[in-house]
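Below is one structure, written out as structure tokens, with a few remarks after it.
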There are 2 protein chains.
Amino acid sequence: MSKRNAILASATRLFSRNGFQGTAMAELSAITGAATGTIFHHFKNKEDLFLNVLNDVKQSILDQFDRHQQTRRDQKGLEMVEGVVTFYLHLAGTMEDQFLLLHRHFPFKMAETSPVCRSHLESIYTCLLDIFEEGIQKGLQDGSVAVDSPRKTAMVLFAMVDGIVRLNTYRVYDAGALYDSLMVACRRLLTKGR
Amino acid sequence: MSKRNAILASATRLFSRNGFQGTAMAELSAITGAATGTIFHHFKNKEDLFLNVLNDVKQSILDQFDRHQQTRRDQKGLEMVEGVVTFYLHLAGTMEDQFLLLHRHFPFKMAETSPVCRSHLESIYTCLLDIFEEGIQKGLQDGSVAVDSPRKTAMVLFAMVDGIVRLNTYRVYDAGALYDSLMVACRRLLTKGR
DNA sequence: TAACCAACCGAATGATCGGTCGGTTTTTTT
DNA sequence: AAAAAAACCGACCGATCATTCGGTTGGTTA
């Protein structure tokens, strides 16, 4: 692996676990074996380094969901949404650092001053919400879903799923056994009566 | 207001908006007009200062919900839960800094090494979940709520409501008009069919 | 081979940080 | 009023931080 990629990989872990200000370039240097001068040769400063990390996070998350979506063309809407929720929970486990990064505060603060940062975050959340909404729209047509506003429902649904992932990350409670309840809630939220 | 309280008030704002490492004692000194020596006279170090801030946050949140609960003795379970959700959204607006603090990452990281910090966080989340669960339990008895596991449902419900507050805080999207959809989702989640 | 260039190095720098300390002022107690 | 205690002050300190810079290396091109 090139030094540049090694730096990006370690930076992702450090930024997500220790935050922006909690990540020291000297520590990153020690972990990757790259001199501090090398880091600043590849990235013009710390913020630029994080922006590149965030870009990688965006790419990998978008890739994962694109690939997932292509395998779910022939399902009913409700099943699609349930599949997306399950996949989201799965990804939150396999791409722990990337999801942790999105649960931190500093990227959203940086987005207030950095248009590039804001653009990355918007791409990620737009993609996620679009996928939820797509399933809901399809479900409205095939009758498996009954809701008023697809977009708003997608946002509430996303807030719920992501909220569970957050509860699980912080381990204030054992939210591990919560996935079944989450799926039940998901189905209730999308269907009418019965 | 005493210097000590002025320090606590400003520290709450700075910690919640700029994070732990992003809050400089010199800045806190400048804002409050207290010399840095004075700050360290009242609090033995930066972490101790934050622990006192968190304690205040805990007290005020617990007080608010205790007072709210006393006015809702004679309602049906479902109405109680809906009232709590509305009150939670209301508080997230009036106590913005306190809720923002709980949405940051560093208190949970500190909880891994500081039992005091962990205790405060547990008190807050236990209180909130208990209140949700209480309403659900009551609803199960009076028939206004139909769910399998009250505790798990309370956690999913809390994750959903808190997730919406988070979406609103970070303003990636205008989640302001989402409260109606949230209440609909809340009702669907708690009731069976019709 | 000579010239070039991107990747790489690590000591040095100036700014900033949390925390200390010796002292003064204000309040409380006796 | 005298003494004791608590609140308060700000210059100072050592550590740490992001970033710079002059120089080396190794591969590619002319």
Side-chain angles (χ1 to χ4, degrees), chain A residues 1-56 101 104-114 116-117, chain B residues 1-56 101 104-114 116-117:
Chain A
M1 179 159 49
S2 71
K3 275 269 157 75
R4 205 190 112 102
N5 284 345
I7 293 169
L8 273 174
S10 290
T12 304
R13 228 185 64 234
L14 289 181
F15 278 139
S16 64
R17 298 189 185 179
N18 304 332
F20 186 78
Q21 325 208 43
T23 297
M25 303 306 267
E27 189 187 0
L28 186 57
S29 165
I31 289 178
T32 58
T36 62
T38 304
I39 299 176
F40 284 95
H41 168 73
H42 288 294
F43 309 96
K44 78 171 194 275
N45 54 34
K46 197 179 177 182
E47 179 171 328
D48 181 54
L49 169 61
F50 170 69
L51 258 22
N52 276 274
V53 165
L54 186 59
N55 187 51
D56 278 12
L101 201 67
R104 300 201 68 122
H105 192 272
F106 74 87
F108 299 91
K109 182 135 193 179
M110 194 183 290
E112 291 172 9
T113 57
S114 161
V116 177
C117 183
Chain B
M1 180 161 48
S2 72
K3 275 270 157 72
R4 204 189 112 102
N5 284 344
I7 293 169
L8 274 174
S10 291
T12 304
R13 229 185 63 234
L14 289 180
F15 279 138
S16 65
R17 298 190 186 179
N18 304 333
F20 186 77
Q21 323 206 45
T23 297
M25 303 305 268
E27 190 188 358
L28 186 57
S29 164
I31 289 179
T32 58
T36 62
T38 303
I39 300 176
F40 285 99
H41 167 73
H42 288 293
F43 308 96
K44 78 170 194 277
N45 55 33
K46 198 179 177 182
E47 179 171 328
D48 181 53
L49 169 60
F50 171 70
L51 258 24
N52 276 275
V53 165
L54 187 58
N55 187 51
D56 278 11
L101 201 67
R104 299 202 68 123
H105 192 271
F106 73 88
F108 299 91
K109 182 135 194 180
M110 193 182 291
E112 291 170 10
T113 57
S114 160
V116 177
C117 183

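A note on names: the letters A, B, ... follow the listed sequences, proteins ahead of strands, and every chain is numbered from 1.
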For [N], take OP1 and OP2 only and decide whether either is under 4.0 Å from a side-chain N or O of [X].
X	N	value
A:Lys3	C:dC9	yes
B:Lys46	C:dG18	yes
A:Thr38	C:dC9	yes
A:His41	C:dC8	no

Please set out all donor-acceptor pairs under 3.5 angstrom arising from side-chain atoms of residues 1-15 of chain B, sequence neighbours excluded.
from	atom 1	to	atom 2	distance (Å)
B:Ser2	OG	B:Asn5	N	3.2
B:Ser10	OG	B:Ala6	O	3.4
B:Thr12	OG1	B:Leu8	O	2.8

Whole-Å gap separating [atom2] ([N]) and [atom1] ([X]):
X	N	atom1	atom2	result
B:Ile39	C:dT20	CD1	C1'	14 Å
A:Phe43	C:dA7	CZ	C1'	13 Å
B:Met25	C:dT20	CE	C1'	13 Å
A:Asn45	D:dT19	CG	C1'	9 Å
A:Leu28	D:dA18	CG	P	10 Å
A:Glu27	D:dA18	CD	P	10 Å
B:Asn5	D:dA7	CG	P	12 Å
A:Phe40	C:dT13	CZ	C1'	13 Å

- [ ] Would you check if the side chain of B:Ser114 reaches a backbone N or O of B:Ala111 as a donor-acceptor pair within less than 3.5 Å?
- [x]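 Between the backbone of B:Ala111 and the side chain of B:Ser114 there is no qualifying donor-acceptor contact (under 3.5 Å).
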
Open item on the list: Keeping A:Arg104 on the side-chain end and A:Arg17 on the backbone end, is there a donor-acceptor pair under 3.5 Å?
Closed with: yes

Open item on the list: Which is more 5' along DNA chain D, the nucleotide nearest A:Gly37 or the one nearest B:Ala35? Just name the residue.
Closed with: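 Checking each residue's closest nucleotide, the 5'-ward one belongs to B:Ala35.
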
So what does [X] hit on the nucleic acid, given a heavy-atom distance under 4.0 Å: a base, only sugar-phosphate, or nothing?
X	answer
A:Thr32	nothing
B:Gly22	nothing
A:Thr36	base
B:Ser2	nothing

Open item on the list: Is any side-chain heavy atom of A:Asn52 closer than 4.5 Å to one of A:His42?
Closed with: no

Open item on the list: Are the side chains of A:Leu101 and A:Phe50 in contact, using a 4.5 Å heavy-atom criterion?
Closed with: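 Yes, at least one pair of side-chain atoms sits under 4.5 Å.
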
